[in-house]
S.K.: 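My questions will all concern the structure given below.
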Amino acid sequence: MPVSSMSAVERIARVIAGQQLSANADGIDPSASSAVDMEWESHVDDAYAILRTLREPDAAMAAVGDPEIWERMISAAIETASA
């Protein structure tokens with residue numbers, strides 16, 4: 001499995017920015033890459049909120065994996081990005 005060189009917080013913040021800016025989503029910019037590069041940091045708080053919500057897996061997730069490992073992974077993502 002590939003491992004990202006970018007933190008989970010940054011990746012989530014970039015997705016939120018892209019969702020709002022890109023014409024491929026809800027935005028109007030046909031080429032939003034540079035705008036996302038400039039705007040993603042304004043979505044970091046939203047990214048943290050999403051990660052905090054995901055700390056607790058739902059029943060489907062728990063059925064196919066280890067909930068304790070999941071919680072540790074999400075907590076590590078939150079702690080690493082906030083350091």
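Bear in mind the structure is a predicted one, so any value in this text is a computation, not a measurement.
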S.K.: Do Met73 and Ile12 belong together in a cluster built from hydrophobic side chains that touch within less than 4.5 Å?
M.R.: no

S.K.: In chain order, what residues pass the side chain to side chain contact (heavy atoms under 4.5 Å, CB included) check against Ser75, with sequence neighbours excluded?
M.R.: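 Scan of Ser75 (side chain to side chain contact (heavy atoms under 4.5 Å, CB included), adjacent residues dropped) gives Arg55, Glu71, Glu79.
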
S.K.: Under a single-linkage definition using a 4.5 Å side-chain heavy-atom cutoff for Ile, Leu, Val, Met, Phe, Trp and Tyr, are Met61 and Leu51 assigned to the same hydrophobic cluster?
M.R.: yes

S.K.: Counting distance only, does the side-chain N/O of Thr80 pair as donor-acceptor with the main-chain N or O of Ala77 below 3.5 Å?
M.R.: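 No, Thr80 side chain to Ala77 backbone: no donor-acceptor pair under 3.5 Å.
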
S.K.: Taking atom CD of Glu10 and atom OG of Ser4, what is their separation to the nearest 0.5 Å?
M.R.: 8.5 Å

S.K.: Apply side-chain contact (heavy atoms from CB on, under 4.5 Å) to Arg14 and Met6, showing your working.
M.R.: CA-CA 11 Å; Arg14 285 178 173 278; Met6 193 180 298; 3.6 Å; yes

S.K.: Please give me the minimum heavy-atom distance between Ala47 and Val9, naming the atom from each residue.
M.R.: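 Closest approach of Ala47 to Val9, heavy atoms only: CB-O, 3.4 Å.
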
S.K.: How far apart are the closest heavy atoms of Ile74 and Leu54, and which atoms are they?
M.R.: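 Closest approach of Ile74 to Leu54: CG1-O, 4.0 Å.
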
S.K.: Does atom CG (Asp45) have a neighbourhood of more than 12 heavy atoms from anything else shown, all under 6.0 Å?
M.R.: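 It does not: Asp45 CG has 12 such atoms or fewer within range.
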
S.K.: When hydrophobic residues are tied together by side-chain contacts of less than 4.5 Å, even through go-betweens, does Val44 share a cluster with Ile78?
M.R.: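 Yes.
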
S.K.: Of all the heavy-atom pairs spanning Pro57 and Trp70, show the shortest one and how long it is.
M.R.: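 Residues Pro57 and Trp70, closest heavy atoms: CD-CD1, 3.7 Å.
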
S.K.: Walk me through it: do Val15 and His43 pass the test side-chain contact (heavy atoms from CB on, under 4.5 Å)?
M.R.: CA-CA 9 Å; Val15 167; His43 299 285; over 6 Å; no

